[in-house]
J.: 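Attaching a single structure in structure tokens format; questions to follow.
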Amino acid sequence: MKSFALTAMSTAILAAASSVTHADFIDDSTFDIQLRTAHFNSNDGSDSWSQTSEGIQLNYKSGYFADIIGFDASYYGAVGLDHSGVDPYSTSYDRGQLLTKDHSGYHKLGQAFVKVKAGDQSRGVYSQIGYMRGKNGGIGGSSSRSTPSSYRGALVEGYLMDGWMVHGGYYDGIGQRTEASWDDLYTQSKEKIDYVWQVGSVYDVNNWRAEGFYLESEAYSKQFSGTLAYTFNLGHDATLMFEGMYHGARENGEKWDNLGFKEEANHYTFTTEYGNNGFTGTLIYGYTEARQDGEMGTLDDRFAYNDYGSSPSRIGYLVGNFWYDGEKVWQAEVGYDFGHMGLDGFNATVGYIYGSDMNDPSENQMEKETEVFTELVYAFADSSPLKGVSLTMQKGWGETKYANAPDVTANDLRAYIDYSISIF
């Protein structure tokens with residue numbers, strides 16, 4: 001009888017504890033819908049194309065059972081609204097721009113991973129394994145199309161103190177941003193890359209910011225990057241930031257097939273940024289080394305041919321490359337947050353970029369490239385009936401000049417209507 005009573009008491013205690021952990025798991029869960037209407041229009045002076053799509057994400061994030069383990073999942077899909085011309089991605093890569101390679105819509109499992117944590121972001125460990133979006137270092141992925149790209153693998157983050165995080169990851173597959181399939185990583189010649197791994201760190205404390213990562217893809221490439229920045233507080237909401245960044249890439253074995261450069265590439269940027277009451281002014285100098293045999297080389301930051309690259313460089317907008325071998329680049333940018341004038345949610349950016357001195361061994365002899373860029377963003381306030389809606393317009397006008405060929409002008413337009421709906 002005593003044994004039965006103890007068993008009953010233990011069962012009751014476990015049931016009560018289970019109900020609490022179940023409550024945390026359920027009560028902390030969220031589900032949201034994200035809709036994106038995207039429109040791309042590109043014209044290089046001789047050919048033009050445009051594409052419009054409607055993308056959708058269904059994102060579920062669980063709470064943590066026993067404050068330790070949970071599960072997240074996402075559905076991604078897109079339907080075509082309009083298409084004209086020839087999307088160059090569909091002829092150069094195994095993917096399209098907003099729609100699939102054959103300009104069709106798609107649907108797929110975008111994310112599905114188990115997450116485990118101990119502690120919190122002041123001191124603790126977080127990990128996830130499964131199908132997930134890239135989030136650290138050189139595994140950043142892409143979120144500029146109808147739906148994001150994803151990777152198959154595992155990651156871990158260690159929070160050593162407030163503002164200091166170290167991370168690592170191992171991945172062996174990719175869900176391309178405009179294709180329904182999950183694919184192996186591969187080279188230009190379609191040779192499989194078995195895996196890619198990465199370690200890195202982020203430190204952001206007391207006006208100092210330092211970031212770095214080291215990445216290797218099996219028998220193909222390796223990359224390493226470091227960024228160091230310090231922000232001075234000048235008073236009256238004014239700040240002055242100085243930043244230096246280096247990104248290097250190297251061949252890593254017999255599968256390397258000269259993706260952009262022959263054996264190694266180096267890219268440097270130096271940034272000064274002044275901010276004051278919603279105004280931001282930025283000046284950047286960049287330089288690239290990326291030798292290639294018989295043609296002009298470029299830093300290609302992809303660790304696989306069907307990846308997207310994730311350099312921390314601030315250089316570049318929509319039209320030009322600006323990472324050619326020998327190229328010296330100046331980039332100037334002005335931004336303003338109109339919330340300081342009572343127009344909350346409205347931001348504008350205008351930029352100009354100039355690149356020259358590239359090493360072009362071809363007959364055409366590229367001499368320089370320039371681009372003017374503008375971006376307008378408006379997010380409706382939480383008090384508005386259109387809460388959750390944001391509008392973005394990006395436009396770039398570029399020109400490339402050659403010594404022995406006609407100059408080429410091009411312009412690109414990207415426009416987005418994003419709508420986020422929280423279900424619970």
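What you see below is based on every heavy atom in this structure, not just the backbone, and it leaves out hydrogens, waters and symmetry mates.
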J.: Can you tell me how the ring of Y305 sits relative to the ring of Y186, calling it parallel under 30°, perpendicular over 60° and tilted otherwise?
T.: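 Rings of Y305 and Y186: tilted, as their planes differ by 30° to 60°.
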J.: Please determine, by modelled atom types, if D412 and S42 share a side-chain donor-acceptor pair under 3.5 angstrom.
T.: yes
J.: Does either side chain, that of N306 or that of Y93, offer a donor lying less than 3.5 Å from an acceptor on the other one?
T.: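 No pair is found: no donor N or O on one side chain lies under 3.5 Å from an acceptor on the other.
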J.: Indicate whether the side chain of D183 and that of S181 have a donor and an acceptor atom separated by less than 3.5 Å.
T.: yes
J.: Look only at the side chain of Y287 and the backbone of N266, and say whether a donor-acceptor pair between them is shorter than 3.5 Å.
T.: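 No; judged by distance alone, with no hydrogens or angles, the pair does not exist.
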J.: Got a sec: does the NZ of K395 have more than 12 other heavy atoms crowding it under 6.0 Å?
T.: yes
J.: Checking H167 against E157: is there a side-chain donor and acceptor pair closer than 3.5 Å?
T.: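 Their side chains do not contain a donor-acceptor pair, so the 3.5 Å distance test is not met.
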J.: Taking all non-hydrogen atoms of both residues into account, name the closest pair between V319 and G398 and its distance.
T.: CG1-CA, 4.0 Å
J.: Where do S150 and Y76 come nearest, in terms of heavy atoms and distance?
T.: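 Closest approach of S150 to Y76, heavy atoms only: OG-CE1, 3.7 Å.
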J.: For residues 113-133, which side-chain N or O atoms pair as donor and acceptor with protein atoms under 3.5 Å away, sequence neighbours left out?
T.:
residue : atom : partner : partner atom : Å
K115    : NZ   : S62     : O            : 2.9
K115    : NZ   : D72     : OD1          : 2.8
K115    : NZ   : D72     : OD2          : 3.4
K117    : NZ   : D67     : OD1          : 3.0
D120    : OD1  : S122    : N            : 2.9
D120    : OD1  : S122    : OG           : 2.5
D120    : OD1  : R123    : N            : 3.2
R123    : NE   : L160    : O            : 3.2
Y126    : OH   : Q128    : OE1          : 2.6

J.: Determine whether more than 12 heavy atoms belonging to other residues, nucleotides or ligands lie under 6.0 Å from atom NZ of K135.
T.: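 Atom NZ in K135 is packed in, count exceeds 12.
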J.: Considering only NZ, NE, NH1 and NH2 on the basic side and carboxylate oxygens on the acidic side, decide whether D407 and K401 come within less than 4.0 Å.
T.: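 K401 and D407: salt-bridged.
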J.: Any salt bridge linking R209 with D204? Criterion: basic side-chain nitrogen under 4.0 Å from a carboxylate oxygen.
T.: no
J.: Nearest heavy-atom pair of A210 and L228: which atoms, and what distance?
T.: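 In this case the closest contact between A210 and L228 is CB-CD1, 4.0 Å.
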J.: Does a donor on one side chain sit under 3.5 Å from an acceptor on the other, for N43 and N411?
T.: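 Absent: no donor and acceptor within the cut-off.
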J.: Whether the Y317 and Q331 side chains hold a donor-acceptor pair (N or O, under 3.5 Å, no angle test) is what I'd like checked.
T.: yes
J.: Between T370 and Y352, is a side chain to side chain donor-acceptor pair (under 3.5 Å) present by the stated rule, with each step listed?
T.: CA-CA 7 Å; T370 59; Y352 175 78; 4.8 Å; no
J.: Taking atom types as modelled, find out whether Y60 and S29 have a side-chain donor-acceptor pair closer than 3.5 angstrom.
T.: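 S29 and Y60 do have a side-chain donor-acceptor pair below 3.5 Å.
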J.: Could you verify whether a donor N or O on one side chain and an acceptor N or O on the other, from R145 and T178, lie under 3.5 Å apart?
T.: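 Short answer, no.
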J.: Is there a donor in the side chain of W397 and an acceptor in the side chain of T374, or the other way round, less than 3.5 Å apart?
T.: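 Short answer, no.
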J.: Which pair of heavy atoms, one from H267 and one from T288, lies closest together, and at what distance?
T.: ND1-OG1, 2.7 Å
J.: For residues T349 and E333, report the shortest heavy-atom separation together with the two atoms involved.
T.: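 Of all heavy-atom pairs spanning T349 and E333, the closest is CG2-CG, 3.5 Å.
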J.: Look at the aromatic rings of F346 and F338 and report parallel, tilted or perpendicular, splitting at 30° and 60°.
T.: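 F346 vs F338 ring planes: parallel.
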J.: Taking atom NE2 as the centre, does H107 end up with more than 12 heavy-atom neighbours from other residues, nucleotides or ligands that are less than 6.0 angstrom away?
T.: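 It does not: H107 NE2 has 12 such atoms or fewer within range.
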J.: Which value, rounded to the nearest 0.5 Å, describes the distance between Q34 atom CD and S74 atom OG?
T.: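 So the CD of Q34 and the OG of S74 are separated by 8.5 Å.
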J.: Do E273 and T282 have a side chain donor and acceptor closer than 3.5 Å?
T.: yes
J.: Sub-3.5 Å donor-acceptor pair from the side chain of E251 to the main-chain atoms of N258, do we have one?
T.: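 Here the side-chain-to-backbone pair does not exist.
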J.: Taking NZ, NE, NH1 and NH2 as the nitrogens, is one of them in K190 or D94 under 4.0 Å from a carboxylate oxygen of the other?
T.: yes
J.: Parallel, tilted or perpendicular for Y285 and W330, by the 30°/60° rule?
T.: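 Answer is tilted, since the angle falls between 30° and 60°.
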J.: How long is the straight-line distance from CZ of F303 back to CD of Q198, given to the nearest 0.5 Å?
T.: 8.5 Å
J.: Evaluate the criterion side chain to side chain donor-acceptor pair (under 3.5 Å) for residue pair S201 and W164; output intermediate values, then yes/no.
T.: CA-CA 8 Å; S201 180; W164 186 18; 3.1 Å; yes
J.: Give me the atom names and distance for the closest heavy-atom approach of I353 to G316.
T.: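 In this case the closest contact between I353 and G316 is CD1-N, 3.6 Å.
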J.: Who pairs with F261 by ring-ring contact (aromatic ring centres under 6.0 Å, His included), at least two apart in sequence or on another chain?
T.: W256
